[in-house]
Amino acid sequence: MNLESKVRGLTLGAQVLPLHKVASSDLGALAPLVGVWENIQIPGSEAPSGWNTISVPGQDTGFVFEVIPYTETLTFNPVVVQAGNRGPVVKGQQVEQLIFGLLYEQQIVSACETSFCNDRGFPKGSTIHVETGLFLNIGQPNGGYTIARMSTIPHGNSLLALGSSFDTENPGTSFFDPASSIPTMLNGGPITQLGYSDPIIGNPQFAEFNQVNPNAFLQSTLESLVGSTGGVTNMTVIEMSTSTPDANGGILNIPFIQMNVNATKMDATFWIEDITDSNGNADQILQYSQTINLVFPATGSAQPINWPHVTVNTMRKRPETEMQFRSMDENEAFDPTAGLTPSEI
């Protein structure tokens, strides 16, 4: 099959494929995500596994720092999108790209029962976030990026984040870099005005949660799951960011958001972990940490400040949503001309 015929088979549009027609190799690092993920129950704790920290403009104070425990359903649908892109012809060969990806939907519901949460408008059971989009295995050539995430949020945002993945064995439990909720200047430097960090550092809203560094909660949750003699045996790490100086990742906001609380950057890491507990029981969990930079001046000030909005969770897949991919030999590849007549090929 020549390149021209193959590209014609791909078409310039996209198609949706049932999972049984796709090999896990087509999705790469995204393959283990297929299914419905929900909060885990932390052993020996009543605390939810999902947590949100965010600073928003305050009416009587410069800002209000909110900490919201939450439950989540994160669905990577068992259908696969496939699209083909054409590039230039180089030395008689047309550069082409074959993309596979997963549709996803995220719904986050408050698990907060405090009077503060009730007064702020997110009592237990209220939906606080909905998001839909695509995770794409984009392959090469893409400037070193192999993963793309395209998201839409009904606040009036859409984003394109780019990244890559890697696999590792026996990483321990202390591989989480800090994720800070402390505001900074736009250049990342410390804030010189007094009091901007006091409500975050000096006023813990939940004793069980580290609101200064939410990733510390991911580590303690993992340690409670694996126990003293278990551990992480294999791990796939997916890292992505909208800040891509050599590409066109970014966030688009409607005018109201851009003028008032501008979302400027997102960084996210997903850890897909095969674990064993102290009794030798095997499991697979998904942990993630995401930070969105929100830029606005504190009430009464004209100085724009960068306020990190951090979300973390530890999740387990519903067993009934485990899906099986088409079995393929290692050297077999998806044939985009499958189903075409000989004249079309």
Side-chain angles (χ1 to χ4, degrees), residues 51-68 70 106 108 116-117 119-122 128-131 133 149-163 177-205 209-216 239-269 288-312:
W51 292 84
N52 170 95
T53 68
I54 185 172
S55 297
V56 297
Q59 183 173 359
D60 300 320
T61 58
F63 69 98
V64 177
F65 181 64
E66 301 174 347
V67 179
I68 312 171
Y70 64 79
Q106 181 185 44
I108 293 178
F116 174 78
C117 287
D119 293 342
R120 294 296 298 171
F122 38 85
I128 58 176
H129 183 78
V130 174
E131 181 178 320
R149 174 181 171 188
M150 302 165 61
S151 308
T152 56
I153 300 95
H155 289 291
N157 323 85
S158 63
L159 66 86
L160 171 63
L162 299 171
D177 292 329
S180 176
S181 298
I182 303 298
T184 67
M185 303 299 289
L186 296 188
N187 63 4
I191 296 176
T192 57
Q193 293 97 321
L194 296 176
Y196 273 60
S197 299
D198 292 351
I200 302 172
I201 297 176
N203 183 30
Q205 297 183 29
F209 177 66
N210 186 334
Q211 64 190 37
V212 178
N213 173 23
N215 278 8
E239 299 173 324
M240 59 186 69
S241 176
T242 59
S243 179
T244 52
D246 54 345
N248 290 321
I251 301 178
L252 296 175
N253 304 297
I254 61 174
F256 183 89
I257 292 177
Q258 189 161 344
M259 290 186 296
N260 293 283
V261 182
N262 193 20
T264 61
K265 178 186 176 184
M266 184 207 74
D267 296 303
T269 303
Y288 72 79
S289 174
Q290 177 174 286
T291 300
I292 298 176
N293 289 349
L294 303 177
V295 175
F296 61 90
T299 301
S301 170
Q303 175 65 55
I305 298 295
N306 179 65
W307 307 85
H309 168 28
V310 184
T311 51
V312 299

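- In this structure Asn262 satisfies the side-chain hydrogen bond (donor to acceptor under 3.5 Å, both in side chains) test together with Asn253, sequence neighbours excluded.
- Between Asn52 and His309, the closest side-chain pair of non-hydrogen atoms falls below 4.5 Å.
- Between the Asn306 side chain and the Pro183 main chain, no donor and acceptor come within less than 3.5 Å of each other.
- The CD1 atom of Ile191 lies 4.0 Å from the CD1 atom of Ile305; values are rounded to the nearest 0.5 Å.
- Note that CG of Asn213 is 10.0 Å distant from CD1 of Ile182, once rounded to the nearest 0.5 Å.
- Here the closest heavy-atom approach between residue Ser289 and residue Asn215 is recorded as OG-OD1, 2.7 Å.
- Under a 3.5 Å cut-off, the side chain of Gln211 and the backbone N or O of Val67 do not form any donor-acceptor pair.
- Between the side chain of Thr291 and the backbone N or O of Asp267, no donor-acceptor pair lies under 3.5 Å.
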In sequence, state the C-alpha distance, the side-chain angles, and the governing distance for Met266 and Met240, and then conclude on side-chain contact (heavy atoms from CB on, under 4.5 Å).
CA-CA 8 Å; Met266 184 207 74; Met240 59 186 69; 4.3 Å; yes
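- To the nearest 0.5 Å, the span separating CD on Gln106 from CD on Gln290 amounts to 7.0 Å.
- With a 4.5 Å cut-off on side-chain heavy atoms, Gln303 and Met185 count as touching.
- Taking CD1 from Ile254 and CG from Asn260, the interatomic distance works out to 10.0 Å, rounded to the nearest 0.5 Å.
- Taken to the nearest 0.5 Å, the OG atom of Ser158 stands 9.0 Å off from the CD1 atom of Ile251.
- With a 4.5 Å cut-off on side-chain heavy atoms, Pro214 and Trp51 do not count as touching.
- Between Ser55 and Leu294, every side-chain heavy-atom pair lies at or beyond the 4.5 Å cut-off.
- If you take CE on Met150 and CG on Leu160, they are separated by 6.5 Å, rounding to the nearest 0.5 Å.
- A donor-acceptor contact shorter than 3.5 Å links the side chain of Thr244 to the backbone of Gly249.
- Between Ile68 and Ile128 the shortest side-chain heavy-atom distance falls below 4.5 Å.
- Residues satisfying the side-chain hydrogen bond (donor to acceptor under 3.5 Å, both in side chains) test with Ser197, not counting sequence neighbours, are none.
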Derivation of the side-chain contact (heavy atoms from CB on, under 4.5 Å) call for Thr311 and His129
CA-CA 11 Å; Thr311 51; His129 183 78; over 6 Å; no
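- Ring orientation note: the planes of Phe63 and Trp307 are tilted relative to one another, at an angle of 30° to 60°.
- Ala263 and Ile292 get closest at one heavy-atom pair: CB-CG2, 4.2 Å.
- Contact between Gly58 and Val64 at its shortest, heavy atoms only, is CA-CG2, 3.8 Å.
- Here the closest non-hydrogen pair linking Gln205 and Phe65 is NE2-O, 2.9 Å.
- More than 12 heavy atoms of other shown residues, nucleotides or ligands fall within 6.0 angstrom of atom CG in Asp119.
- In this view, Thr53 and Ser181 satisfy the side-chain hydrogen bond (donor to acceptor under 3.5 Å, both in side chains) rule, not counting sequence neighbours.
- Nearest heavy-atom pair, Val130 versus Pro154, reported as atom, atom and distance to 0.1 Å: O-CD, 3.1 Å.
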